[in-house]
Every structure is written in structure tokens, then in C-alpha cells.
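To start, the structure under review is shown below, and the notes come after it.
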Amino acid sequence: MEQGLKVCDTNLPGPQSARNLTRSADNLKPQSRDTRRPAARIPGAVRIAGLYGHNPKQNNLLAGLPADDYERILPHLELVPMPLGMAVCEAGVEMEHVYFLTSSIVSQLYESRDGTATETAVIGHEGIVGVTLFMGGGTSLNRAVVKSAGYGFRLKAALLKEEFYRGGALQSLLLRYTQALLTQMSQTAVCNRHHSVVQQLCRWLLLSLDRLPSNEMSMTQELIGNMLGVRRESVADAAGKLQDEGLIQYTRGHITVINRPGLEERVCECYAGVKAEYDRLLPATPRSR
């Protein structure tokens, strides 16, 4: 995957820089993993947010945790860059970490034997990549690829499982998130089968906008077609109709949504159903934090 959605922070550091950021945070964490002294852990969060502009609470799930639960896992969170096209998860391979996304967006894809791929879900700051680790399945049929560059915080799989099996707040949040994700996946399947390409494109644009800091994105017609599982020509026709209706501007792979309310009126019921389920099950967006 060579092109995808772009966010403002496109100059992501390489692996060495990412390790340096993680090391700076690790130097502040207490020696005992089970220690619950907030005074030893809060400075670590402030240091990450203050010096680098990154805060684990930019992720909805982490922001929704009670203070004690959050402080217990905070020392083990590692800030990592999520560059465009990065494969976060491969089908059939068990992940070593889960990823709490903050500014990046990950596309969950099902790849057929002939090499074609269709997007089954989109994941952003509202969620986590790696639900199979705590659901007991171990591996997934889906591949997860970064389609919008940004950052996230990863946590070792063993630590996530340990926290999940405590049966506390994180377990409840993760189960509710999984229900919302399954809703999105099932609704996407219905939409791709029964609704027009124009409606599918509207749904795809709105889901992406919900996870982006602006109303602009860069995406080729070919890549959108791959995500939706339709031909590039169909995407071109659908985008042209939305542009003629004054809902978007589309030029050389650059899309600007200029009338979101109109886009919401044009979309099928699939988007509203997915959004309502996410709003019902999950904490409110932490973007204002």
C-alpha cells in the first residue's frame, strides 16, 4: 500500500527515534510493576504529554479507565510511530502487542487468495488493534494496515491479558469495544452487498472523518476501490456525483468534505447504526483533552 490518508504529522521518526521516546518514559517508571503509588507514575504521563505532545489519554479506551487502572498500566505503555502502510497485524499470526491508537488510523482488511483485499473495519483513536488476544482466538483472519500515519501506544500481549483477566474496568471497556467493532464489521458486509457505491463511499468518508482531525484526506480512486471492493471507475463515478452535489471536492486524489451534514443525509443507514452503537458502548471522544 503506497498511498493513504494523510494527517498533519507526516514526518514520523524512525525506529531509533521511537525507542528514544520510549526509553525516556521508561526511565520514569517505578521498579515494581504492582506498585500503586500515583506520585511515582503521574510524572511519567505528564512527561510524555508535555515534552512530545503525546498522551495515552488521547485514546478513548485509556481515557475511560479509572485512575487506579490507568496508573497500573501506564508504565508499560510504549509510544510508537505508525507510518503509512505499516502492517500492524498479519492474518494467521498471533500478535505480540496490542495497539491503542491515538492519531493514526488502521484499516482491517480481508485478503482473498487472488490477492484482492476488502476493508472490513476502520480503527482509530476510539479503539485498539488486537482484540483476538483477549478474546481467546489468538490469531485473526484479517490483516491490519495503517492507512493514516500517526502514533499509538502499544502494550505487551501478556500484560494486556493479565489486566483483562483481572475482570475490572479494562475488561468491561474492551468487551464493549469488541461489540462495537463487530457491529461495524457486520454493517460493512451488509452495506457492501446491498447499497450503492455512492452510499458506500459516503459511509467510508464519514467513518474516516470521525477519526481525523480535519475534513481533508488524500486517497487515490484505486485505493478507495480496493477498500470498498469495487472498480476504480465506480469510485470515480461516485465521487463525481458527490462533487456535483456540492458535498465534496475531489482533485488528484485529494478529498475535502465541504458539506458533512449533506453527506450524512446522502449516506445509507449503515453509518448511523455503527455510530450509534459506538456512542452507546464507548466513552466520549477525548479529542478535547
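These numbers come from the heavy atoms of this one structure, side chains and all, not from hydrogens, waters or symmetry mates.
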Within this structure, what is the CG-CG distance for the pair Leu282 and Leu181, rounded to the nearest 0.5 Å? 10.0 Å

If I compare all heavy atoms of Pro56 with all of Leu74, which pair ends up nearest, and what's the gap? CG-CD1, 3.9 Å

Where Gln199 and Val267 come nearest, the two heavy atoms and their spacing: O-CG2, 3.8 Å

Hey, does the side chain of Asn59 reach the backbone of Leu62 with a donor-acceptor pair shorter than 3.5 angstrom? yes

Does the side chain of Gln187 come within less than 4.5 Å of Val274's, by heavy atoms? yes

Give a yes or no on whether Leu281 and Leu182 share a hydrophobic cluster (residues Ile, Leu, Val, Met, Phe, Trp, Tyr; joining criterion: side-chain heavy atoms under 4.5 Å apart). yes

Gln179 atom CD, over 12 foreign heavy atoms within 6.0 Å: yes

Is any side-chain heavy atom of Arg260 less than 4.5 Å from a side-chain heavy atom of Leu209? yes

Would you say Met95 ends up clustered with Val93 if hydrophobic residues are merged whenever their side chains have heavy atoms under 4.5 Å apart, either directly or through other cluster members? no

Using side-chain heavy atoms (C-beta onward) and a distance below 4.5 Å, is Leu109 in contact with Val145? yes

Taking salt bridge (charged side-chain N to carboxylate O under 4.0 Å, His left out) as the test, write out the residues that go with Glu111, two or more places apart. Arg143

With no hydrogens and no angle check, is any side-chain donor or acceptor of Ser104 less than 3.5 Å from a backbone partner on Leu101? no

Going through the checks in order, is the side-chain contact (heavy atoms from CB on, under 4.5 Å) test met by Thr118 and Met227? CA-CA 5 Å; Thr118 302; Met227 295 290 183; over 6 Å; no

Before you tell me yes or no, could you show the steps for Glu119 and Ser107 under side-chain hydrogen bond (donor to acceptor under 3.5 Å, both in side chains), namely the whole-Å CA-CA distance, both residues' side-chain angles and the distance that decides it to 0.1 Å? CA-CA 6 Å; Glu119 185 178 80; Ser107 179; 2.6 Å; yes

Who pairs with Val98 by side chain to side chain contact (heavy atoms under 4.5 Å, CB included), at least two apart in sequence or on another chain? Phe100, Ile128, Leu133, Leu155, Leu160

Does Tyr271 belong to the same Ile/Leu/Val/Met/Phe/Trp/Tyr cluster as Ile258, with side-chain heavy atoms less than 4.5 Å apart forming each link? no

Donor-acceptor pair, distance only, cut-off 3.5 Å: does the side chain of Thr256 make one with the backbone of Glu216? no

Run Thr120 and Thr188 through side-chain contact (heavy atoms from CB on, under 4.5 Å) and show every step you take. CA-CA 6 Å; Thr120 59; Thr188 297; 5.5 Å; no

With heavy-atom distances below 4.5 Å as the criterion, would you say the side chains of Ser148 and Leu84 are in contact? no

Return the CZ to CD distance between Phe164 and Gln171, rounded to the nearest 0.5 Å. 4.5 Å

Let me see the working for Glu245 and Lys241 under salt bridge (charged side-chain N to carboxylate O under 4.0 Å, His left out), right down to the final yes or no. CA-CA 6 Å; Glu245 294 172 17; Lys241 290 180 180 178; over 6 Å; no

Once you measure the plane-to-plane angle for Tyr177 and Tyr278, does it fall in the parallel (<30°), tilted (30-60°) or perpendicular (>60°) bin? perpendicular

Taking atom CD of Glu96 as the centre, report whether more than 12 heavy atoms of other residues, nucleotides or ligands fall under 6.0 Å from it. no

Pairwise distance OH(Tyr151) to CD(Gln58) - rounded to 0.5 angstrom: 11.5 Å

Is there a donor-acceptor contact under 3.5 Å from the side chain of Gln108 to the main chain of Ala121? no

Is there a side-chain contact between Cys268 and Cys202, using heavy atoms and a 4.5 Å cut-off? no

To the nearest 0.5 Å, tell me how far Lys156 NZ sits from Ile73 CD1. 14.5 Å

Using links of under 4.5 Å between side-chain heavy atoms of ILVMFWY residues, direct or through other members, which residues join Tyr110 in one cluster? Leu141

Would you call Asn142 and Met185 a side-chain contact if the rule is heavy atoms closer than 4.5 Å? yes

List in chain and number order the residues that pass salt bridge (charged side-chain N to carboxylate O under 4.0 Å, His left out) with Glu126, two or more places apart in sequence or in another chain; answer none if no residue qualifies. Arg211

Taking Leu174's backbone N and O only, do any of them form a donor-acceptor pair with Thr178's side chain (distance below 3.5 Å, no angle check)? yes

Hey, what do you get for CZ (Arg203) to CG (Asn192), rounding to the nearest 0.5 Å? 5.0 Å

Between Met217 and Ser208, is a side-chain contact (heavy atoms from CB on, under 4.5 Å) present by the stated rule, with each step listed? CA-CA 9 Å; Met217 60 191 76; Ser208 298; 4.3 Å; yes

Applying the side chain to side chain contact (heavy atoms under 4.5 Å, CB included) criterion to Ile224, which one of Leu201, Val230, Val197 satisfies it? Leu201

Pair Val122, Trp204 - check side-chain contact (heavy atoms from CB on, under 4.5 Å), show working. CA-CA 9 Å; Val122 58; Trp204 186 88; over 6 Å; no

So, Asn259 and Arg266: side-chain donor and acceptor under 3.5 Å apart, yes or no? no

Would you mind reporting whether Glu233 and Gln221 have side-chain heavy atoms less than 4.5 Å apart? no

So which heavy atom on Leu263 is nearest to which on Val257, and how close? CD2-CG1, 4.1 Å

CD/Gln249 to CD/Gln243 distance, rounded to the nearest 0.5 angstrom? 7.0 Å

Within a radius of less than 6.0 Å around CZ of Arg231, do more than 12 heavy atoms belonging to other residues, nucleotides or ligands occur? no

With sequence neighbours left out, the residues meeting salt bridge (charged side-chain N to carboxylate O under 4.0 Å, His left out) with Arg280 are Glu277

Between Thr132 and Ser140 the two heavy atoms that sit nearest each other are CG2-CB, 3.8 Å

Of all the heavy-atom pairs spanning Asp69 and Ala169, show the shortest one and how long it is. OD2-N, 4.1 Å

So is Lys161 actually on top of Phe134's ring, under 6.0 Å and inside 45° of the axis? no

Under 4.5 Å between side-chain heavy atoms, chaining through other members, with only Ile, Leu, Val, Met, Phe, Trp and Tyr counted: pull out the rest of the cluster around Val190, sorted by chain and number. none

Regarding Arg232 and Asp237, does a basic nitrogen lie under 4.0 Å from an acidic carboxylate oxygen? no

Distance-minimising heavy-atom pair for Ile248 and Ala239: CD1-O, 3.8 Å

So that I can tick it off, tell me whether Arg72 and Asp68 are bridged by a salt bridge, with the cut-off set at under 4.0 angstrom between side-chain N and carboxylate O. no

Taking side chain as C-beta onward, heavy atoms only, is Leu205 less than 4.5 Å from Leu242? yes

